Each structure stands twice: as C-alpha cells, then as structure tokens.
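Remember, predicted model here, so these are calculated numbers, not experimental data. Note: hydrogens, waters and symmetry copies are ignored here, and every other heavy atom, side chains too, is used.
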Amino acid sequence: MKTTRRIIRGFLIGIANSRIALSGAIITASLFPCLLVYSILDGLGSIHLPKVSFLVYGALTWIFLAGHLMMFLGLFILRNRKGKTLFSSEEFRSFFAEPEQFSNIRKLALVVTCLALF
C-alpha cells in the first residue's frame, strides 16, 4: 500500500513540476466533465443537434486525448523545471533488473491505466 501511495505521490509531484504535464492535466480535467455530461445527455436522447455532436465528439475528444499525451510527454520524456524527467533511463533499468522493483513498475502501469480509463 505504501508503494502505491509513493507512486501516486510521485505522479502528482511530477505533474506539478512539469509545465507541459500540468497543462495536459488541466485540459484533461476541464474537458472530462463536459464530455461526460454531454455523453449522458446524448445517450438519453436529449440532444438533437448533429453539428454540436460533431463538434463535441470530433474536436473535443481529440483535444482531451492531446491533454493525455501532453501529460505523458511532460512526465516521462521532457525535462521539468528542475532539469530532470520523472524517471531516468538508469531507474528503468533498475526496475526491470530487480524482481521487487518490477512489481513496482507493474503497479505504476496499473495506476496509470486505471486513471486513463477513468
């Protein structure tokens, strides 16, 4: 449980330290409620405007996915304000070399996947 908390804490600190990841998180967090409410209303049949549906599903969904991509790039590839990435290549090698560290990377992948699916 402590490992999961450490992973989530590191994820949130990484987002806070990277301008690109923070911008992606803001885009994603602001569009999610809009897309959710619109999808529910559309599913109930309350919306009869095909042009608005095209705008929401065609444009806003791609912007939402671009926000996810910005978070990934900001966290794992581009350097943050302190001049480092969330994980360096040496850390990745150590994760795959030691069995207990490999379980940590699996937990991180599970957390990121659950957040993306949510």
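- Of all the heavy atoms in A25 and I15, the pair that sits closest is CB-CG2, 4.0 Å.
- Interatomic distance, I20 CD1 to M71 CE, rounded to the nearest 0.5 Å: 13.0 Å.
- If you chain together hydrophobic residues whose side chains sit under 4.5 Å apart, L44 and V52 fall into the same group.
- A ring-centre distance under 6.0 Å is not found for F72 and H68.
- Nearest heavy atoms, S18 versus G74: OG-O, 3.3 Å.
- Considering every non-hydrogen atom in both P33 and S30, the closest pair reads CD-O, 3.6 Å.
- Nearest heavy atom pair, residue S23 against residue M70, reads CB-CE, 3.6 Å.
- At least one side-chain heavy atom of L35 sits less than 4.5 Å from a side-chain heavy atom of V56.
- Considering all non-hydrogen atoms of both residues, I47 and L41 come closest at CD1-CB, 3.7 Å.
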| said: Working note: F64 + I27, criterion side chain to side chain contact (heavy atoms under 4.5 Å, CB included); need CA distance, chi angles, decisive distance, verdict. | reply: CA-CA 7 Å; F64 181 74; I27 290 170; 6.0 Å; no

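- Taken together through direct or relayed side-chain contacts under 4.5 Å among Ile, Leu, Val, Met, Phe, Trp and Tyr, F54 and L60 form parts of separate hydrophobic clusters.
- Placement of L55 and L36 in two distinct hydrophobic clusters is found when ILVMFWY residues are connected by side-chain heavy-atom separations under 4.5 Å, directly or transitively.
- Proximity of a side-chain donor or acceptor of Y38 to a complementary backbone N or O of Y57 within less than 3.5 Å is not detected.
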